[in-house]
Amino acid sequence: MASLLRGTALGMLLGMLGLAIPPARAADGSGPLPQMGFNNWNSTHCRDEFNEAMIRGIADKFVSLGLKDAGYQYVNIDDCWANWQRDKDGHLQPNPKRFPSGIKALAAYIHSKGLKFGLYSSAGTSTCEPLQENRGFPGGLGHEKDDAASFAAWDVDYLKYDNCNNQKIEATQRYAAMAEALRGSGRTIFFSVCEWGENKPWLWAGKPPIDAGSWRTTGDISDNYASMLKIFKQNVVLDGYASMGHWNDPDMLEVGNGGMTDVEYRSHFSLWSIMNAPLLIGTDLRKIKPDALKILLNKDVIAVNQDPLGVQGKQVSDAGGVHVIVKPLQGGSHAVVVFNETDAAKDIDVSPAQLGLSPGRYTLRDLWAHTDRQGDGTIKGSLAPHATMMYRVSP
């Protein structure tokens, strides 16, 4: 019913009244959970290596490396996929050098692997990457219906919609126009608002008439610890705005790109998972090292992110640079992350009361060591600089 309401007069009326429409589930039931997949930007940006052969290779790696089996499903391409100008009828066209077979053919290849395909545009006159005479590739502002029709015709499953060259038009107006065009396109397309947190999209992007699946809460991440830490702190306090099918997005994963240690990458992955952030791999999977792949394939950690209860973890303490985040899970268990942001080792002693646990006996599963122990729920130990403990605590 929710999917039928969207795009109807009744649905728009409910949106005007501020009444939420329940998020529609995908046919496989996974739609409302945080999206998992890949985006090329963090590893390739606009370099020549970004082309259809690369993206087909990434789809192959999803299968051969076990990422598809672990739950990753979207293969998304970012800026620089388009030709530098629209055709004579005003339609978007792919760059003929990068994508000579066309976008529909690329989507068909990805779908043949049992995966989904995502594309990029911007809610402005042009995208973020300048190409010629300081102009970007064509943006979607003023072309929303035509572009949405093209995306649907190409069998696109996901749209990341950026914020560059927006002509200072109100964000809610620009994003609502594309949201409505997508709903009217005849195809279900996941809508990812990439507004950088400039106008507090957590207050409006998840509600009608936009009803996005996720919204960026921060600027772009960089492949270094300081950037990851800053973005984590901006996003972790927004847990009250996330709900099933509507997620805070602190940007894509940098795991495997080489700018952080494995300890820091494990913290990155743990924090994004317990915050119910989208898990979009940002490294070139054709070159990924075994240690980075092991992080991305940790099914115990992924299960926290994909827990059917759909609740973002809440930070209950950040005293002395030690962050404690607790996330309720389906069936009465809790996920717990204890993260040491500091440059010195810390002795950890987190009580059951801090975690909101009733007196009793619990099984604590260490989600990185994959070991179990029994206890009253207390978490103790020494935590190295920038490191994370992550547990599933079950009655």
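Under the side-chain hydrogen bond (donor to acceptor under 3.5 Å, both in side chains) rule, Asp157 has a single partner from Arg187, Gln73, Lys116, which is Arg187.
For Met389 against Ser382, the heavy-atom pair with the smallest separation is CE-O, 4.0 Å. Closest approach of Arg86 and Gly140 over heavy atoms only: NH2-CA, 4.2 Å. The two atoms that bring Phe190 and Ser214 nearest to each other are CE2-OG, 3.8 Å, heavy atoms only. The shortest heavy-atom contact between Pro328 and His334 is CA-CD2, 3.8 Å. Closest approach of Pro250 and Ala277 over heavy atoms only: CD-CB, 3.4 Å. Residues Asp251 and Gly219 come closest through the heavy atom pair OD2-O, 4.3 Å.
Within the 4.5 Å cutoff, the side chain of Arg216 has no heavy atoms near those of the Asp162 side chain. Side-chain contact between Leu364 and Val393 is present, with at least one heavy-atom pair separated by less than 4.5 Å. Taking the side chain as every heavy atom from C-beta outward, Val255 and Ile281 never approach each other to under 4.5 Å. Tyr175 is not listed as a side-chain neighbour of Trp215, based on a closest heavy-atom distance of 4.5 Å or more. Between Leu119 and Ile77 there is a side-chain heavy-atom pair separated by less than 4.5 Å. Counting heavy atoms from C-beta on, the side chains of Val338 and Tyr391 never come closer than 4.5 Å. Within the 4.5 Å cutoff, the side chain of Met390 has no heavy atoms near those of the Phe269 side chain. Met228 has its side chain within reach of Leu271: a pair of non-hydrogen atoms, C-beta onward, lies under 4.5 Å apart.
With salt bridges taken as basic N to acidic carboxylate O contacts below 4.0 Å, none links Arg392 and Asp300. Salt bridge status for Glu198 with Arg174: absent, with no side-chain N to carboxylate O gap under 4.0 Å. Using a cut-off of 4.0 Å between Lys/Arg side-chain N and Asp/Glu carboxylate O, Arg286 and Asp284 are scored as salt-bridged.
Put simply, Tyr265 and Leu253 are part of the same group of oily side chains (I, L, V, M, F, W, Y) that touch within less than 4.5 Å, one to the next. Taking hydrophobic clusters as Ile, Leu, Val, Met, Phe, Trp and Tyr residues chained together by side-chain heavy-atom distances below 4.5 Å, Leu141 does not share a cluster with Leu159. Follow the hydrophobic side-chain contacts under 4.5 Å out from Val301 and you never reach Leu33; the two are in separate clusters. Side-chain heavy atoms closer than 4.5 Å link hydrophobic residues (I, L, V, M, F, W, Y) into clusters, and following such links, even through other members, never connects Met54 to Leu280. Tyr225 and Ile295 end up in the same hydrophobic cluster when Ile, Leu, Val, Met, Phe, Trp and Tyr side chains are linked at under 4.5 Å.
Interatomic distance, OG1 of Thr378 versus CD of Gln354, reported as 9.5 Å (0.5 Å rounding). Note that the CG atom of Asp155 and the NZ atom of Lys104 stand 3.5 Å from one another [nearest 0.5 Å]. In this structure, the separation between CZ on Phe137 and CH2 on Trp84 is 11.0 Å, given to the nearest 0.5 Å. The distance from atom CG of Asn42 to atom CD of Glu254, rounded to the nearest 0.5 Å, is 4.0 Å. The OG atom of Ser122 lies 11.0 Å from the CD atom of Glu195; values are rounded to the nearest 0.5 Å. Interatomic distance, CD1 of Ile110 versus OH of Tyr74, reported as 12.5 Å (0.5 Å rounding).
With hydrogens and angles ignored, the 3.5 Å screen pairs a side-chain donor or acceptor of Lys346 with a backbone N or O of Gly320. No donor-acceptor pair under 3.5 Å is formed between the side chain of Asn224 and the backbone N or O of Gly259. Here the side chain of Ser333 pairs no donor or acceptor atom with the backbone of Leu329 at under 3.5 angstrom. Lys299 places no side-chain N or O within 3.5 Å of a backbone atom of Ala70 that could act as its donor or acceptor partner. In terms of modelled atom types and a separation under 3.5 Å, the side chain of Asp79 and the main chain of Cys128 share a donor-acceptor contact. The closest donor-acceptor contact from the side chain of Asp318 to the backbone of Gly321 lies at 3.5 Å or more, if one exists at all. At least one donor-acceptor pair closer than 3.5 Å links the side chain of Lys327 to the backbone N or O of Val311. With His111 contributing its side chain and Ala107 its backbone, the two residues share a donor-acceptor pair below 3.5 Å. With hydrogens and angles ignored, the 3.5 Å screen pairs no side-chain donor or acceptor of Glu341 with any backbone N or O of Leu229. The backbone N or O of Gly282 lies less than 3.5 Å from a partner atom in the side chain of Asn257, making a donor-acceptor pair.
Side-chain polar atoms of Asn235 and Asn248 form no donor-acceptor pair below 3.5 angstrom. Side-chain N/O atoms of His386 and Asp343 include a donor and acceptor closer than 3.5 Å. With 3.5 Å as the limit, one finds no donor-acceptor pair spanning the side chains of Glu129 and Thr127. Gln234 and Thr218 share no side-chain donor-acceptor pair at under 3.5 Å. One side chain, Ser126 or Asn165, offers a donor N or O that lies under 3.5 Å from an acceptor on the other. Between Thr363 and Gln374, the side chains place a donor N or O and an acceptor N or O closer than 3.5 Å (distance only, hydrogens not considered). When only modelled atom types and interatomic distance are considered, Asn298 and Arg266 share no side-chain donor-acceptor pair under 3.5 Å.
Shown here is Tyr109, whose OH atom has more than 12 heavy atoms of other residues, nucleotides or ligands within 6.0 Å.
Among residues two or more places apart in sequence or in another chain, the disulfide (SG to SG under 2.5 Å) test is passed with Cys194 by none.
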Show your reasoning for whether side chain to side chain contact (heavy atoms under 4.5 Å, CB included) applies to Tyr241 and Thr217. CA-CA 11 Å; Tyr241 299 100; Thr217 58; over 6 Å; no
Are Ser227 and Met260 close enough, and set up right, to give a side chain to side chain contact (heavy atoms under 4.5 Å, CB included), and what steps lead you there? CA-CA 10 Å; Ser227 174; Met260 289 184 258; over 6 Å; no
Starting from the C-alpha separation in whole Å, work towards a yes-or-no answer on side chain to side chain contact (heavy atoms under 4.5 Å, CB included) for Tyr120 and Asn39. CA-CA 10 Å; Tyr120 166 97; Asn39 180 293; over 6 Å; no
In sequence, state the C-alpha distance, the side-chain angles, and the governing distance for Phe151 and Tyr158, and then conclude on ring pair (Phe, Tyr, Trp, His ring centres under 6.0 Å). CA-CA 9 Å; Phe151 302 152; Tyr158 186 115; over 10 Å; no
Start with the C-alpha distance between Lys61 and Ile288, add both sets of side-chain angles, then the distance that settles side chain to side chain contact (heavy atoms under 4.5 Å, CB included), and finish with yes or no. CA-CA 10 Å; Lys61 288 296 185 181; Ile288 192 168; over 6 Å; no
